Amino acid sequence: MSEEKSLNFIEEIIEKDLAEGKHTTITTRFPPEPNGYLHIGHAKSICLNFGLAIKYGGKTNLRFDDTNPVTEETEYVESIKEDIQWLGFNWANELYASDYFEQLYAFAEKLINKGLAYVDDSTSEEIAQQKGSPTVPGIRNKYAERSIAENIQLFTEMRQGKYADGEKVLRAKADMSSPNMHMRDPILYRIKHAHHHRTGDKWCIYPMYDFAHGQSDSIENITHSICTLEFIPHRELYNWLIEQLDIFPSHQYEFARLNMTYTVMSKRKLLQLVNEKHVSGWDDPRMSTISGMRRRGYGAAALRDFCDKIGIAKRENLIDIGLLEFCVREELNKTALRRMVVFAPLKMTITNFDKEVEWVSIEDNPEDPNTTHRQVPFSKEIYIEQDDFMEVPPKKYFRLFPGGKVRLKGAYIIECNEVIKDDEGNIVELKCTYLPESKSGNDTSGIHVKGTLHWVSIAHAIHAEVRLYDRLFHVENVADAEGDFKDHINPNSLEIVEKVYAEPALANNNLAERYQFLRKGYFCLDKDSTDNKLIFNRTVTLKDTWAKEVKKKN
RNA sequence: UGGCCUAUAGUAUAAUGGUAGUACAACAGGUUUUGGUCCUGUCUGUCUUGGUUCGAAUCCAGGUAGGCCAACCA
């Protein structure tokens with residue numbers, strides 16, 4: 001009954017290439033620049049590149065595009081590797097563009113010798129000006145006339161460190177009147193007397209993206225070099241350089257990057273959020289980074305599922321963050337341990353309950369047919385959620401109210417007999433009676449109640465802090481919103497509840513476990529927790545149709 | 001106003017000249033000891049104008065709209 005899943009346009013290209021014998025196997029690569037942490041948009045690219053290799057029996061290299069030493073750091077290299085592995089992918093080779101610096105230098109010499117590159121002494125302003133505009137052809141300056149010998153000599157001296165930053169560049173001699181601005185004698189090498197995270201001080205000239213990326217692809221025999229749409233104009237130059245150098249013909253294909261509602265997806269902006277302390281760090285659970293989502297409790301399988309669901313195409317898109325949350329819930333529903341935790345307590349005294357404690361057995365996960373059970377203490381004094389009681393219930397409200405009955409999850413049906421208030425009229429306690437014959441799993445009372453509440457025995461409760469996260473921005477399309485993106489930060493994206501009351505089973509916990517606090521949402525232990533203080537992150541809320549109902553009426 | 005890319009429900013994504021489908025969202029109902037899950041149903045779509053064709057979302061031409069390109073960033 002296997003329903004054939006349709007192919008995306010890149011899979012179609014690959015299947016055609018394979019069928020026609022253009023390639024016998026495919027090689028892809030994931031090429032991050034180590035200048036920031038990976039975000040969910042990178043996850044899309046990772047799933048695509050690694051997924052393709054898995055599907056077609058090829059391999060994927062991890063190649064760091066580390067050609068700009070001033071922005072790149074080892075910390076980023078480490079985080080990137082961790083994120084890819086956590087997502088569940090293994091690279092064939094861990095490579096660096098900087099590994100190819102010597103070869104890239106030789107490629108540059110080859111171009112010079114073919115009369116296709118020259119050293120230019122112009123300032124960047126002059127170069128920009130001479131480039132013209134999309135409607136006005138560029139003009140070549142006198143440096144383009146230098147002899148091959150002079151160019152070789154100058155380029156050698158550039159490498160030797162005879163010149164200061166910005167004093168000279170190596171340019172390709174391509175086409176100054178091309179409608180494609182990237183063909184107007186693009187810069188191949190620039191001088192940067194900067195320390196490189198891997199090559200140290202060995203080099204003071206560094207290749208530009210256009211003279212590193214395609215060449216690295218070629219060196220690695222990458223068959224399908226997949227990047228995002230904004231690189232489309234680079235493809236002509238990508239092909240031109242490969243052709244002039246006469247090296248393995250890698251091909252570039254472009255797909256639309258991921259955009260998501262209520263978030264930002266650019267390393268530059270994410271870096272700003274970190275540097276300006278709008279968040280606690282790259283792995284702040286509100287960030288769109290993979291590490292942030294991991295800390296928040298999102299599962300790797302959920303992220304992969306999400307990337308699969310959004311598809312691959314060439315049109316600009318803005319994905320509803322609700323789809324990501326759907327994927328997260330779908331995974332967690334099957335795996336999370338159920339626990340009862342009261343956030344805003346309201347005391348309930350069960351006046352006719354005389355035992356000191358009764359341990360009731362409740363399933364850890366009702367979705368799991370082989371679920372285990374834990375014992376939960378039930379006693380005379382418990383907490384329920386303040387929200388679960390109303391003195392004057394609205395229509396369709398089926399939680400507790402005076403004279404009303406509800407079931408306490410896993411325990412008994414109780415009836416509310418009396419409401420106790422303080423001097424200011426606040427409800428401080430409920431006096432209830434329970435129906436002994438209504439015990440969960442052994443209910444002979446014949447009474448049906450609509451509401452089931454979570455609860456915690458006061459004497460047995462353990463305490464924890466809970467961090468409730470909301471979207472980081474309060475506008476749907478942050479990139480399109482007026483003004484600076486930081487103007488749209490949601491000031492209420494983090495709400496901390498200092499003390500919540502949990503059933504004792506939650507004392508047994510670990511960082512890897514995922515929990516569903518019944519009727520509250522999915523939670524995971526945060527790394528900030530200590531022996532004395534438990535801290536839980538809210539991964540995502542449960543779908544709440546009652547809240548929606550209430551909202552509709554207002 | 002030079003070139004390139006794109007256009008299918010609210011959002012994404014299929015249909016590769018032959019019944020416009022799927023997911024999320026929304027809405028209605030059923031089940032339920034989580035107002036969760038699960039199940040059922042409903043709603044909404046081929047940017048536009050021509051052309052080719054027995055037949056066009058698909059091919060062609062014009063238009064319109066959106067995006068990208070003039071960093072010693074990637």
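Each chain gets a letter, A, B and so on, in the order its sequence line appears, and its residues count up from 1. This structure is a prediction, so every number in the text was calculated from the model and none was measured.
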### Task
List the steps and the verdict of ring pair (Phe, Tyr, Trp, His ring centres under 6.0 Å) for A:Tyr209 and A:His234.
CA-CA 10 Å; A:Tyr209 165 84; A:His234 293 255; 5.7 Å; yes
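- A heavy-atom distance below 4.0 Å to RNA chain B is reached by these residues of residues 327-345 of chain A, ordered by number: A:Asn333, A:Arg338.
- The strand RNA chain B forms stems, runs of 3 or more Watson-Crick or G-U wobble pairs with distances below 3.5 Å, at B:2-7 with B:64-69, B:10-13 with B:21-24, B:26-30 with B:38-42, B:47-51 with B:59-63.
- Taken to the nearest 0.5 Å, the CG atom of A:Leu337 stands 4.5 Å off from the CG atom of A:Asp364.
- Nucleotides of RNA chain B nearest to A:Ala313 and A:Tyr397 differ in position, and the one nearer the 5' end is that of A:Ala313.
- Among the nucleotides B:rU13, B:rG36, B:rU34, the one closest to the side chain of A:Arg315 is B:rU13.
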## Note on the structure
Expected string for nucleotides 39-44 of chain B under the B/S/- scheme (protein heavy atoms, under 4.0 Å, primed atoms plus P, OP1, OP2 as sugar-phosphate) is ------
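- The ring of A:Tyr209 does not lie on top of the base of B:rA74; it is either too far (5.5 Å or more) or too tilted (30° or more).
- Within residues 367-377 of chain A, the residues having any heavy atom closer than 4.0 Å to RNA chain B are, in order of number, A:Glu367.
- For A:Pro366, the side-chain atoms get nearest to B:rU34 when compared with the rest of B:rU34, B:rA14, B:rU33.
- Residues forming a ring-ring contact (aromatic ring centres under 6.0 Å, His included) with A:Phe473 (at least two apart in sequence, or on another chain): none.
- A donor-acceptor contact under 3.5 Å links the side chain of A:Arg407 to the base of B:rU33.
- Judged purely by distance below 3.5 Å, without hydrogens or angles, the side chains of A:Tyr100 and A:Glu220 pair a donor atom with an acceptor atom.
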### Summary
In B/S/- notation (B base, S sugar-phosphate only, - none; protein heavy atoms under 4.0 Å), nucleotides 63-72 of chain B written 5' to 3' is ----S-SBSB
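- Side-chain atoms of A:Lys543 lie closest to B:rU37 of the nucleotides B:rA23, B:rU37, B:rG35.
- At a cut-off of 3.5 Å, with distance as the only test, no side-chain donor of A:Tyr412 or A:Asp443 sits close to an acceptor on the other residue.
- Closest contact between the side chain of A:Thr452 and the listed nucleotides B:rU34, B:rU6, B:rA14 involves B:rU34.
- Both A:Lys450 and A:Gly322 sit near RNA chain B, but only A:Gly322 has its closest nucleotide nearer the 5' end.
- Taking atom CZ of A:Phe523 as the reference point, atom P of B:rU34 lies 18 Å away to the nearest angstrom.
- Within a 6.0 Å radius of CD in A:Gln129, no more than 12 heavy atoms belonging to other residues, nucleotides or ligands are found.
- For the 3.5 Å distance criterion, the side chains of A:Gln252 and A:Tyr238 fail to qualify, holding no donor opposite an acceptor.
- When the nucleotides B:rU6, B:rU33, B:rA12 are ranked by their closest atom to the side chain of A:Lys409, B:rU33 comes out on top.
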